[in-house]
Each structure stands twice: as C-alpha cells, then as structure tokens.
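Worksheet for the structure shown next.
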Protein chains: 2
Amino acid sequence: MKYSSSKENYIKAIYHLEQEEPVVSTNALARQLSTKPASVTDMLKKLHEQDLLEYEPYKGVRLTESGKTVALQIIRKHRLWEFFLVEKLGFGWEEVHEIAEELEHISSRKLIDRLDEFLGKPKTDPHGDPIPDANGKMPLIEKICLMDLPTGIAADIISVSNQSADMLDLLKHYSIEIGTRLEITNRFQFDRSLQLIVQGKSKITISEHLAMHLFVVYAKETGSK
Amino acid sequence: MKYSSSKENYIKAIYHLEQEEPVVSTNALARQLSTKPASVTDMLKKLHEQDLLEYEPYKGVRLTESGKTVALQIIRKHRLWEFFLVEKLGFGWEEVHEIAEELEHISSRKLIDRLDEFLGKPKTDPHGDPIPDANGKMPLIEKICLMDLPTGIAADIISVSNQSADMLDLLKHYSIEIGTRLEITNRFQFDRSLQLIVQGKSKITISEHLAMHLFVVYAKETGSK
DNA sequence: GGTAATATTTAGGCGAATCTAAAAAAAATA
DNA sequence: TATTTTTTTTAGATTCGCCTAAATATTACC
Ligand SMILES: [Mn+2]
Ligand SMILES: [Mn+2]
Ligand SMILES: [Mn+2]
Ligand SMILES: [Mn+2]
C-alpha cells in the first residue's frame, strides 16, 4: 500500500508520540506537525477509514498493528537515509533530519533494501536511534536518561534526543559523542547540574537542560583500557 | 525557488520536447505526462504566471531562460540519482528511471552537490546522457542516430533512447553497451536492417527499430587495439 | 473559401490537504 | 455541583492538481 507523504508524516508522528503516552491527543499531533487541530481531526478520520489507527471522537488515537508496521517502515527509511547522508556524503549530524524528512517518502522498497545493504546494514542512525530491519523489527534498547544515571556508575552515550546545530556545538565543546564513556561524579542540587568524568579524563559540569537530552546505557566492560 | 513535483515534471517534459521541436504543443505535453490536455492548459497558465515559460493561447509554449535553468537542475538531479542507483546500489539500467523520477524532486541543493562529489562528478548517466554540472551547463554532444551512421565508419555507442527491460535484454543479447565500438558493414533496404561488426569481432544484424534507439559518436582512435 | 477534422481552451466539478471561526464536548476548578 | 477553561470537532472556504464535457480556435482538405 502506498500513502501520501502527508499521511506518512502523521503516522510517524503518532508512532513517536505513542512512545511517551499510550494515547495520542489531537492537540499533541497538531503541535508535532505544525498544523491546526481541525486539520488533524480531518486526517485522523481518513487514517481511521484505512484502519491505520483506532479513533473515536474526543478519545485520542493509537495506531493499529497495520499502522505500526507502516510507521516502522518510514522510520527505517528515515534513519537509513540519515546514516547515508552522514557516513557517505559527509553531512553533519544536525543537517540530516530535514533532508531525511523528504527522502523517507520515496516509495521503492527495493531501493531501501539495497541502500541498507550498501551501508552495511547499520544498527543505529547518526543520533544513536535504532534502525528497524527489513521486517520492521527494531531492537528495544533500554536507554537511560543521563539525569537518571546513578552517581559513580560508568555508562556510554547511546543517543541524543535533540539534533540541533546548537546542541551539536555544545557536545563538540565537551567532546561528547555517541559512544563516549562517562560517569557522574557529582550532582549539584541548586540547578540540578551534573559533574562528569568524560572518557576517564576530563572533568566537566553540564546543565540539566543538556543532560535531559542525553541517553546512556550502563558500560559493558568496566572501562579501564 | 521551490516548485511542486508536478510543476517540475511539466518543466522537465517541456525541456525534453523542445529538443525535438522548437515549440511544444498542449497535446504533446499531455501525451508525455499521461494527463489530459485540459489539465495541461491549466498548468501552463500557472507556469506562465511564474515566468517559467512563454505562453499564448493556441500558440504552444517554450521555456524562458529561467524555465530552462530549473529544467536543467531537475535533469541534473535525475541523472545523478540514476548514476548512484546503478553504480553504488547495483540496480539495472532499466529499473532506475522510475525511482529517479521521485528522487529528482528532493529539494536540498547541498544534497545534490555532495552526491555529485561522492559519485566522482560523473559526466553521463547510465544511459549515456550527459549530466549538467552544478551551474547547469550540459556539454552538447553531437550524437548521431545509428541509422544515420555512414557505412564503413567506426563509431562508439554513446547513448540509448529507450531504457526498457526489453531493450536491455536485446542489447545484452548482442553484447552492446555504452562505449561499444561498432561499424556498419551492410544496409538491407528491404526492412532497413543493419549489419554491424561489434567490437571488431562479432557480425550481427539488427532491426531498424533497435537502431533508431542507439546513438553513436565517430570513433576517436581508429580503433585497432 | 468553406467545411470537416483536430487541437486547445473554458466551464464546472472533485478529492486531498489545509485553514478560520463557531459549536460542542470534556476536563478543571471554584 | 455549577461554572469556566481547554480540547476537540464541525462547518464552510481555499488552493492545488486533476478530470469530463462543451465551446472555440486552428488546420487540413475538397
Ligand atoms: Mn531524524
Ligand atoms: Mn517526512
Ligand atoms: Mn531517466
Ligand atoms: Mn519526476
């Protein structure tokens, strides 16, 4: 089945919002898609007709299985293209999302499978988010927000939830990227800022605002090296 | 300036049709775009408003300079993507046109310039057609239809004007591809078929129908080797 | 030149995706 | 609980790209 770019954007947005809250509201969608609630209602009715989501007026929506399948294919395409842009074309982190937002709507299935192969079947996109495989399976990585990492436990940066140029700037300043090993050494209650040891060497202090957008997994090897 | 996919398809179609006849008719466009003449008239009026073409009712159209510039950018994108699909993703000749028909509408200028670089700034697409450079300059290659090649003169296949799977099949059968050196040794008047020597070795006879879709340039080196 | 055939445009309409303004339902709160 | 606020839906329009049918202009031909 082939859906319009607009419909695909709705489906993907719903998928992402469902990760936060089990049922997605009209307003939340309108905000996410920079559109008006009235437009959202219209579209929800159409997507419901196509059995992509469960919808009852005033009750919010959730994707059906079929809707989720579609969402995962779009996310797969989006993330593979982002990987391509960064790894093959040398784009910066922060530039790729917008372009992938268009590329994700290219319809050829064969194209995306070949691209996947060409890229070496990557597991995650440049921001650390997992890439669904050809069957739409996406490994559930239980990532922890850096704010929630206990003090004194080594962990590796696995993803970032903001890919603005400003964010990238700051990360570069602190020499933090995907895979960086770090450990919280101190928490300052006043502004909830964190003191960290990065890569076993530099000691830095970062804001709560930044920490909220960083996600980690517990370190596998008890990182000496 | 950013134009809809639909508008871009019109502009490109007009550009191509202009190569055949100096002024493009409503019907020719409708045929090319698989749409109806009435729809074409609608669109021509819009494109005219945007100064992309000269249009007076009943008089046909021709692109303005600005229209040609847009056309060449789309053609550049189309052909670079085709090159990418064949050379990097291993697609066959005949499969790429349709996919490129979508990819050519991705808007990022930076994307296409990076892609160009990544591909090694190729001069021609997989069908032998020249790729406009970043400034929209496209080398004018004076190609000759194989039907018009004089007997006994060596020439190289430079492009094909049909990229169907059937065509590819036949070319494979005769071991003809872009770059193949050949020479006409005989013309049969009855069905206008041609006898050729291919690559100095095999003698074959091809139909007028096939020859009409093959284009050559005179051989540079007087091909012994 | 007049008539028939062909090409093109106009008129009117439709579906998709959006919008604003108003109505209605649900949720929050006094 | 009654009232206010917030959320959501409905009503009615607009733009885009397309369609069919009808009108009109151009061209071809007797
Ligand atoms: Mn992204
Ligand atoms: Mn998108
Ligand atoms: Mn092509
Ligand atoms: Mn196209």
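Excluded from the calculations below are hydrogen atoms, water molecules and symmetry mates; all remaining heavy atoms, backbone and side chain alike, are included. Chain A is the first sequence line, chain B the second, and so forth, proteins listed ahead of strands; every chain is numbered from 1.
- When A:Lys77, A:Arg109, A:Lys121, A:Lys110 are each tested for a salt bridge (Lys or Arg N to Asp or Glu O under 4.0 Å) with A:Asp116, only one passes: A:Lys121.
- The side chain of A:Lys46 places an N or O atom within less than 4.0 Å of a non-bridging phosphate oxygen (OP1 or OP2) of C:dA17.
- Toward the 5′ end of DNA chain D lies the nearest nucleotide of A:Ala38, the other residue of the pair A:Ala38 and B:Asp42 mapping further downstream.
- Looking at residues 1-35 of chain B, you'll see B:Ser25, B:Thr26, B:Asn27 sit with a heavy atom under 4.0 Å from some atom of DNA chain C.
- Atom NZ in B:Lys45 sits roughly 8 Å away from atom P in C:dA11 (whole-Å rounding).
- Looking only at side-chain heavy atoms (C-beta outward), A:Thr41 and A:Thr26 come within less than 4.5 Å of each other.
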Steps toward salt bridge (Lys or Arg N to Asp or Glu O under 4.0 Å) verdict (A:Asp148, A:Lys143): CA-CA 10 Å; A:Asp148 302 328; A:Lys143 55 192 184 185; over 6 Å; no

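- Between A:Phe84 and B:Trp81, the ring planes are tilted. Angles from 30° to 60° get that label.
- Heavy-atom contacts of chain B under 4.0 Å fall on DNA chain D between two terminal nucleotides, which in 5' to 3' order are D:dC16 to D:dT26.
- No side-chain donor-acceptor contact under 3.5 Å links A:His127 and A:Ser159.
- Because its NZ or CZ atom is both nearer than 6.0 Å to the ring centre of B:Phe118 and within 45° of the ring axis, B:Lys88 counts as a cation-pi partner of that residue.
- B:Glu82 has no carboxylate O lying under 4.0 Å from a charged side-chain N of B:Arg79, or vice versa, which leaves the two without a salt bridge.
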Close N or O pairs between protein and nucleotides 22-27 of chain C (under 3.5 Å):
{"unit_1": "C:dA25", "atom_1": "O4'", "unit_2": "A:Tyr58", "atom_2": "OH", "d": "3.4"}

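- Counting heavy atoms from C-beta on, the side chains of A:Phe215 and A:Val160 never come closer than 4.5 Å.
- Within the 4.0 Å cut-off from OP1 or OP2 of C:dT9, at least one side-chain nitrogen or oxygen of B:Thr41 is found.
- Residue A:Ile176 holds its CD1 atom at 8.0 Å from CG of A:Leu146, rounded to the nearest 0.5 Å.
- Looking only at side-chain heavy atoms (C-beta outward), A:Glu101 and A:Lys12 come within less than 4.5 Å of each other.
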